[in-house]
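Scroll down for the structure; my scribbles are underneath it.
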Amino acid sequence: MTDSYEANLAPAAAAVESADVAPRHDQAGPTADGRKVFIKTYGCQMNVYDSERMSDALTRDGYQPAMSAEEADLVLINTCHIREKAAEKVYSQLGRLDRLKSARRKAGSDLMVAVTGCVAQAEGREIARRAPVVDVVIGPQTYHRLPEALARARQGEKVVATDFPVDDKFAALPAAPAPAIRRRGVTAFLTVQEGCDKFCTFCVVPYTRGAEVSRPVAEIVKEAERLAAAGVREITLLGQNVNAWHGTGADGREWGLGELLWRLSEIGGIDRLRYTTSHPRDMDDGLIAAHRDLAALMPYLHLPVQSGSDRILKAMNRRHTAADYLRLVKRIRSANPDIALSGDFIVGFPGETEADFEATLQLIDTVKYAQAYFFKYSPRPGTPGAELEDQVPEAVKSERLERLKTLLTRQQRAFAASLVGRQIDLLLEKPGREPGQLIGRSPWLQPVIVDAKHGEIGDIVNVRITHTGPNSLFAD
Ligand code: 5AD
Ligand code: SF4
């Protein structure tokens with residue numbers, strides 16, 4: 001449970017503060033000329049995926065991994081613009097890099113700095129103006145052009161590339177070789193959809209990531225097959241609006257995400273599937289049926305509602321009411337009673353009254369969430385919400401956030417406690433903090449700690465939950 005995505009380092013759902021993604025020494029590169037890159041990632045899992053793809057492209061270009069900015073020739077900051085705090089972090093990082101670059105120059109060497117991701121897209125040239133340390137600014141739709149941009153920057157040009165080109169960036173990026181995939185773990189992200197046409201009035205995504213685009217079935221299947229061949233056993237399909245994914249299936253029919261999940265489950269070695277993040281309006285019958293019938297699809301659904309007040313939902317342009325959401329939850333749970341729900345909530349959207357906020361508490365009380373993320377409303381420049389009068393004072397936002405946190409934490413603990421005694425399949429993912437321990441994820445995405453004698457990383461073992469810890473479960 002966290003009051004911001006930035007505090008939640010979860011590999012398979014929600015979002016992460018930062019993940020340092022470095023290319024691997026074993027990735028093929030035509031000219032391993034000794035340059036080193038350090039990649040710092042902020043924001044959602046889609047950024048983690050993007051950083052991995054950029055890392056693959058840079059490795060092919062001859063870059064080696066660096067463990068810190070200090071030992072790198074190139075520092076790449078993959079940014080998030082969803083809330084103000086996330087964007088501000090970028091500028092404080094750039095201040096630090098500015099000092100590092102000056103010290104390098106005094107010593108007769110150099111440091112290149114590239115800013116990618118949603119802050120790059122939103123601020124473009126403004127970043128290069130405010131932070132002259134930056135050599136390359138590249139948006140999320142143009143990062144396949146990163147090697148070319150770096151080559152130009154090396155000639156002394158400031159490169160700002162934030163257009164929305166028509167070429168398929170996914171097709172243009174190199175695939176990671178098997179050892180590199182495997183080293184990233186037995187679970188993997190796979191972006192299947194990008195962008196958003198919903199235009200919720202608080203959100204920058206439609207401006208930074210552009211219009212909704214679905215990747216074609218064949219391309220997704222090929223990437224999933226490559227992941228499986230490298231030893232990945234669980235794939236999380238990603239998209240800002242992942243359940244809006246659609247495409248033409250192998251049978252020539254129009255597929256939704258449900259049909260895609262069925263197709264991916266046929267790939268040998270892929271035992272578990274997840275997807276995130278979904279919009280309530282795009283939960284179609286095929287996807288709900290998959291939660292009933294497809295064993296590989298984990299019983300966990302991140303389905304943000306944002307508010308429980310119809311007045312606020314309308315002002316947010318969510319295009320559903322609280323009752324619509326509750327009806328949907330009922331349909332999903334009748335298809336699969338075992339499903340755990342997770343949500344996003346915003347407190348202090350402009351005009352939110354105490355009664356509106358209490359409607360949110362009421363909705364949470366009815367749904368009973370297994371996990372949740374909650375945020376104070378942060379006005380984002382260029383979004384309609386930022387222009388609204390009646391912005392809620394900071395102190396009121398803080399007080400509401402605390403109340404939300406108390407309720408959601410209680411629900412999260414109750415859900416975890418309800419699992420004690422249950423027998424579950426656990427995919428062992430990595431060593432635990434203590435020697436002799438391994439960590440996996442429950443079907444409901446909680447970290448589960450077991451004794452290492454139970455199996456090896458990559459095994460799916462049947463275990464019984466014995467007790468709960470503050471943020472994890474223990475099993476035997
Ligand atoms: N202020 C606060 N939270 C926001 N989110 C998106 N935009 C904002 C904003 N301007 C939250 C929403 C969304 C999650 C990814 O971030 O809850 O679902
Ligand atoms: Fe943002 Fe709304 Fe689109 Fe989600 S559905 S990405 S909150 S505009």
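Indexing begins at 1, ligand by ligand and atom by atom, following the structure's order.
When the shell of 6.0 Å around CZ of R403 is examined, it contains more than 12 heavy atoms from other residues, nucleotides or ligands. In the displayed structure, R311 atom CZ is contacted under 6.0 Å by more than 12 heavy atoms of other residues, nucleotides or ligands. Applying the 6.0 Å contact sphere to NZ of K314 captures no more than 12 heavy atoms from other residues, nucleotides or ligands.
Atom numbering of ligand 2 starts at 1 in the shown order; those under 4.0 Å from a heavy atom of H279 are 5 (S). Heavy-atom proximity to I82, at under 4.0 Å, picks out these atoms of ligand 1: 5 (N), 6 (C), 7 (N), 8 (C), 9 (C), 10 (N), 16 (O). Ligand-side atoms of ligand 1 in range of K376: 1 (N), 2 (C), range being under 4.0 angstrom from any heavy atom. Counting atoms of ligand 1 from 1 in the listed order, those under 4.0 Å from a heavy atom of R83 are 1 (N), 2 (C), 3 (N), 4 (C), 5 (N), 11 (C), 16 (O). Residue-ligand proximity, I346 to ligand 1, at heavy-atom distances under 4.0 Å covers atoms 3 (N), 4 (C), 5 (N), 12 (C), 17 (O). Atoms of ligand 1 found under 4.0 Å from any heavy atom of Q306, numbered from 1 in the order shown, are 12 (C), 13 (C), 17 (O), 18 (O). For ligand 2, the atoms lying closer than 4.0 Å to a non-hydrogen atom of P206 are 8 (S). In the vicinity of F202, heavy-atom distances shorter than 4.0 Å reach the ligand 2 atoms 7 (S). Which parts of ligand 1 touch D344 is read off a 4.0 Å heavy-atom cut-off, strictly below it: atoms 13 (C), 14 (C), 15 (C), 17 (O), 18 (O). Each of the atoms 3 (Fe), 5 (S) of ligand 2 lies under 4.0 Å from some heavy atom of N241. Interface atoms of ligand 1 facing R380, defined by a heavy-atom separation under 4.0 Å, are 10 (N).
Counting protein heavy atoms only, atom 8 (S) of ligand 2 is closest to C200 N, 3.3 Å. In terms of protein heavy atoms, atom 3 (Fe) of ligand 2 is closest to C196 SG, 2.2 Å. The nearest protein atom to atom 1 (Fe) of ligand 2, hydrogens excluded, is given as C203 SG, 2.3 Å; this is a heavy-atom distance.
Ring planes of F199 and Y207: perpendicular class, angle over 60° (limits at 30 and 60°).
Aromatic ring centres of Y369 and F374 lie farther apart than the 6.0 Å criterion allows. For F375 and F349, the gap between ring centers reaches or exceeds 6.0 Å.
Each of E123, Q121, R125, Q141 was scored for a side-chain contact (heavy atoms from CB on, under 4.5 Å) with T162, with one residue passing: Q121. The side chain to side chain donor-acceptor pair (under 3.5 Å) with E352 is formed by just one residue from the set Q391, K397, R400; it is R400.
In this structure, the side chain of N317 does not engage the main chain of T201 through any donor-acceptor pair within 3.5 Å. Within the 3.5 Å criterion, the main-chain N or O of R83 finds no donor-acceptor partner in the side chain of E88.
Residue F202 touches ligand 1 through backbone and side chain together, judged by heavy-atom distances below 4.0 Å.
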